[in-house]
Every structure is written in structure tokens, then in C-alpha cells.
Amino acid sequence: MRIHTKCLLSLLFITGQAAAQTLEQKLQSAFNRLQADSQCKYASLSLTVLDAKTGETVFTANPNMGLATASTLKTITTITAFNLLGKDFQYQTQFGYSGTITADGTLNGDVIIKGAGDPTLGSWRYENTHEGHVLSLMVDALQKAGIKKINGRIIGDDSVFGSQSIPEGWIWMDLGNYYGAGTSGLTWRENQFDIKFHTGRVDSPISITHEVPAMPYLNFKSELVNAPSGTGDNAYAFLPVGGKTMYLRGTYAQDQSKKSISAALPDPAYDAAFRLMDTLKRLGILVSNDPESTTTLTAKGLTSPQVITNLTTILSPRLSQIVYWLNQKSINLYAEQLLKTIAWKAGKTPSTGNGVEVEQEFWKARGIDPHSLNIVDGSGLSPGDRVTTLTLATILQSAKKEAWFPDFYASLPTYNDMKMKSGSILNVLTYAGYHTYHGRELCFSIMVNNYNGGSKAIKEKMFRVLDELK
């Protein structure tokens, strides 16, 4: 009986080894096919698959090749944030005033919205962050304080994150669009708004109809041209530089149904102050001076006053809730705000560069060479980011044992019936995530840089490689 048991255990061990070898062979064949494909003739490819529980290498191909990650970098940013901030971390936006209130309810001073980096303030994604809800909280706080008139200004103070809102290395044509919105110590409605227009005959100019919400303090000039059906949305917004005119350039297919693009707010803190002032005006609470932000005050050689009396503190959703939408919708702004927050909470000046440094130091202490995590932002929008698939997969594997892992896992979208984050910038397509193969939990990272041809075709070919993990 003992001999039979030993034989059975040996057989099971050999069978397990054979299955592992079979998976490795299947992945190698699939990877070779992808590498030999005409779309990859001049491309750089890499794939790493690890056992998600043990970290054991299942398969690697070019694992130490540094490649542009695109948005799969967000998995590293969010895992680092979970580690350093904790799943229940919340931002705290202060709302208060300087000066004094007279007996008749006149505030001789300024109302100040003091940002603390919350990327969700005014966002439509959560019930308690919606623009209308936040403005109501502020109005209620002013009314409870007995303020009926403001002899001063509404100020959006975004100074906590400094004056550099755009990470170095981002592309100029991205910056005026919603996905290229810069960071701010006081974000507002995810630092974006919509521009509506209507299409006409091919090669004719496109005119702007209105903005949502209305942007009376900005001017717009359309250089957009109607394009033939089937050519898609190639419209881009360009931020004003030292001015108030935003240009729309490119083409927009006449068969597109949306007929709008989302643009980046040039000064989110100013817009938050503007919206509050507009709300107060409609309620009969007059403000004597124009709204201001840190940027507008700096341009006048002025500084923002400190909050002397805090009326209310507006809490953000918890980090786990922020990460959910960050990865589900690949929100660049959220990732960049988290990277600066990581630096801030580590005791450093909250800048993108310091966030990168803290992140690299954190993973270096856990055995990852910083040279394999050669990044310049937190979202992957920069084409200058370089990370190896081995490093990315290793970081994914490290998350598996953490108590917050279910929250991180839930944040990953589902593509090709697999839980994974995607990433795409010009001629770059990447995926990173988890899947179970015959009961064995795996994590993986696959990157293709400099492919040619259409993104749909290369995606299907990459999915055929990942199908071997099913």
C-alpha cells in the first residue's frame, strides 16, 4: 500500500512538471509567432509570467528589456500607493476664510478653498464628490457661519503641489485634452470640461456651439475640419500659453455621434473659485472682487492668504475607491496626483520627480533594481518611461499577499476574459494582470513597442499569446 502511495505521489509530481513544461512550451511558441509577425518586424517585445503565489518564474522572453509601459505603469503607481498610504487613506480639503465677520454678516476677508491634492473633488464618479454636492457643502458652511456678503475674494489655493502641473516628458499635443490634464493641489471636476460642435460636409470648417459647463473666462478658436465618415476623432485641444484662447485643431469624422471633445482646464483652482462665486451670486450672496487662484495671484505678485478660520473639511473617497476608477478608466490625473501624494507623505516636496524617487527607493528596498524602473511619471503617458516586464510582474506578484489585494484586483478591468490593465500610446501596446491556469494563479506583463499597422490587429495577436494562460 505504501509503495502504491509513493508511486501515485511520484506520478502526480511528474504530471505537474509536465503540465508546467507544456505551458512554457506553449508560451514560447506563441511568443515566437508574435515576434515573427510582420507587425513586429521592427518592434521590441517582452513577456514575463510568474506564479502569483510563490513568485516562481513560469516563462520569460526578454524579461530585462526596458520598454515603454503606457498605462500599465498605473499598476505600479497604485500598488505603491496602497503600500505607502494605506487603503483607507483620504484627502482633506479645507474650506474657510481669513478676516472677520461683522454684525450684519459681512465677511471682510477672503473665502479660501485650500486644496490638499484630492483628485476627486467635483468628480461625477462618486455621490459625495459631485460638483453640486461639494458646492452645497461650501455654501452651507458659509451660511452657518452667518456670512451674507463677502468684501473680498474667493480663492482657490492649489499651492500644496507646487507650480509645475505637467510631468516632464509629456507630449505637447496631449496637454490640452482631458487625458493630458495637469496635476493641481486643488483639482476640480477632474480638471476637464466639454466642448460641443456640429459636423458638416467634408473639408468644411467645424464651428463650436458651446461648452459644458460654460467657460465665459476663456476664448475658443476652431481650426477643426470635417473629415470623411470612418476616419474617427482626431480633434485636439491646445491650452492657452500666457493667454485665454484655446485652439481646436485636427479633423473630426462627419459620422461621429458624440460631436464633442473633453479638454483640460488651464487653471482648475481658478475654476473651482469661479463656480463657487457664481453659485453664491445666484443665491444673493455678493462677492466684491473677482475670483483668484494661486496662479492668478502669483502673476500679480501676490500670495494666497492663510485660512484663519476653517469652516469645514471635505474628505475624499478612500484610496481603495480612488484606485478602482483610476485603473478601470485609466485616469492619468488620478495616477499623477497619487505620485505627488506619495512624495508628500514621505516628507518630501510633492513633485513628480520626488514621487518617482520615493517609488524607486521603496522597490529598491524590496530587491528591485531602480534602473529597471526608469520612469518619469505615474500614469505612463510619457513615451520616455522604461520598465521591464520582469519588474512589473514582480510588483504585481508582491501585491498578492497583501490584505488590500482584493481592492487592487477589483480595480483591474476585464479584457479578453482576463483581469488586466491595458496601456496604449503611439505604436505601443501593453497588458499586465492576473489569470488562473488549471488552478495555478499567475501574474504577467507583456509589452510591444514600435509595432507597425493597426492597434486592433496587434491587440488580437497579443491576446493569442495570453490565451495560452487560459
Side-chain angles (χ1 to χ4, degrees), residues 90-101 107-123 129 131 133-142 145 147 150-166 181-192 217 264-281 285 287-316 333-334 336-341 343-345 348-352 354-355:
Q90 290 176 281
Y91 291 91
Q92 301 182 34
T93 301
Q94 281 187 298
F95 180 69
Y97 64 88
S98 65
T100 57
I101 304 172
L107 169 64
N108 290 310
D110 299 315
V111 171
I112 303 160
I113 311 168
K114 176 70 174 177
D118 178 6
T120 70
L121 196 70
S123 171
T129 66
E131 177 183 6
H133 178 74
V134 174
L135 290 173
S136 292
L137 290 177
M138 294 178 183
V139 170
D140 288 347
L142 291 173
I147 296 173
I150 299 167
N151 185 24
R153 306 162 294 185
I154 308 292
I155 298 174
D157 184 346
D158 64 347
S159 58
V160 68
F161 274 4
S163 61
Q164 184 173 346
S165 64
I166 303 298
T183 58
S184 175
L186 177 59
T187 68
W188 184 243
R189 284 199 326 273
E190 298 190 5
N191 297 358
Q192 62 177 277
Y217 60 85
L265 281 170
D267 187 349
Y270 176 85
D271 195 75
F274 177 86
R275 302 302 164 185
L276 177 57
M277 182 173 172
D278 184 60
T279 302
L280 293 175
K281 181 180 178 180
I285 301 175
V287 184
S288 64
N289 295 359
D290 292 335
E292 301 279 6
S293 68
T294 304
T295 299
T296 61
L297 289 172
T298 300
K300 299 172 183 177
L302 303 174
T303 57
S304 180
Q306 296 298 310
V307 174
I308 302 301
T309 303
N310 191 51
L311 296 176
T312 189
T313 299
I314 303 171
L315 295 177
S316 74
L333 174 67
Y334 282 23
E336 300 304 334
Q337 295 284 123
L338 282 186
L339 190 63
K340 283 190 170 182
T341 305
W344 186 25
K345 296 306 179 181
K348 296 178 179 290
T349 301
S351 67
T352 299
N354 284 340

Query raised in the report: If we only count heavy atoms from C-beta on, is the Gln94 to Asp157 side-chain gap below 4.5 Å?
Result: no

Query raised in the report: With sequence neighbours excluded, what pairs up with Thr309 under the side-chain hydrogen bond (donor to acceptor under 3.5 Å, both in side chains) test?
Result: none

Requested in this report: Tell me, please, which residues at least two apart from Phe95 pass ring-ring contact (aromatic ring centres under 6.0 Å, His included).
Outcome: none

Query raised in the report: Would you find a donor on one side and an acceptor on the other, under 3.5 Å apart, between the side chain of Gln337 and the backbone of Ser184?
Result: yes

Query raised in the report: Who pairs with Ala269 by side chain to side chain contact (heavy atoms under 4.5 Å, CB included), at least two apart in sequence or on another chain?
Result: Asp158, Leu186, Asp267, Ser293

Query - Backbone of Thr93 reached by a side-chain donor or acceptor of Thr313 within 3.5 Å - result: no

Report task. Please name the pair of heavy atoms, one in Gln306 and one in Ser98, separated by the smallest distance, quoted to 0.1 Å. Result -> O-CB, 3.6 Å

Query raised in the report: What residues form a ring-ring contact (aromatic ring centres under 6.0 Å, His included) with Tyr270, not counting sequence neighbours?
Result: Tyr217

Report summary line: d(Thr100 OG1, Ile308 CD1) to nearest 0.5 Å is 11.0 Å

Requested in this report: Please report the closest heavy-atom contact between Val111 and Leu107, naming both atoms and the distance.
Outcome: CG2-CD2, 3.7 Å

Query - Test side-chain hydrogen bond (donor to acceptor under 3.5 Å, both in side chains) applied to Asn289 - qualifying residues, sequence neighbours left out - result: none

Requested in this report: Give a yes or no on whether the backbone of Ser123 and the side-chain of Thr120 come within a donor-acceptor separation of less than 3.5 Å.
Outcome: no

Report task. Could you pull out the closest heavy-atom pair between Pro350 and Ala343, with the gap in Å? Result -> CA-CB, 4.2 Å

Query - Ile166: side chain to side chain contact (heavy atoms under 4.5 Å, CB included) partners, not counting sequence neighbours - result: Trp170, Leu175

Query raised in the report: Can you tell me if Asp110 uses its side chain to pair, donor with acceptor, with the backbone of Arg153 under 3.5 Å?
Result: yes

Report task. Please identify each residue that fulfils salt bridge (charged side-chain N to carboxylate O under 4.0 Å, His left out) with Glu336, with sequence neighbours left out. Result -> none

Query - Partner set under side chain to side chain contact (heavy atoms under 4.5 Å, CB included) for Val160, not counting sequence neighbours - result: Trp344

Query raised in the report: Of all residues at least two apart in sequence or in a different chain, which pass the side-chain hydrogen bond (donor to acceptor under 3.5 Å, both in side chains) check with Lys348?
Result: Glu357

Report task. Just grab all the salt bridge (Lys or Arg N to Asp or Glu O under 4.0 Å) pairs involving residues 302-314, residues at least two apart or on different chains. Result -> none

Query raised in the report: Does Thr187 reach the main-chain N or O of Asp118 with its side chain, forming a donor-acceptor pair under 3.5 Å?
Result: yes

Query - For Thr183, all residues meeting side-chain hydrogen bond (donor to acceptor under 3.5 Å, both in side chains), sequence neighbours excluded - result: Lys340

Query raised in the report: Residues in side chain to side chain contact (heavy atoms under 4.5 Å, CB included) with Glu131, at least two apart?
Result: Leu135, Trp188, Arg189, Arg275

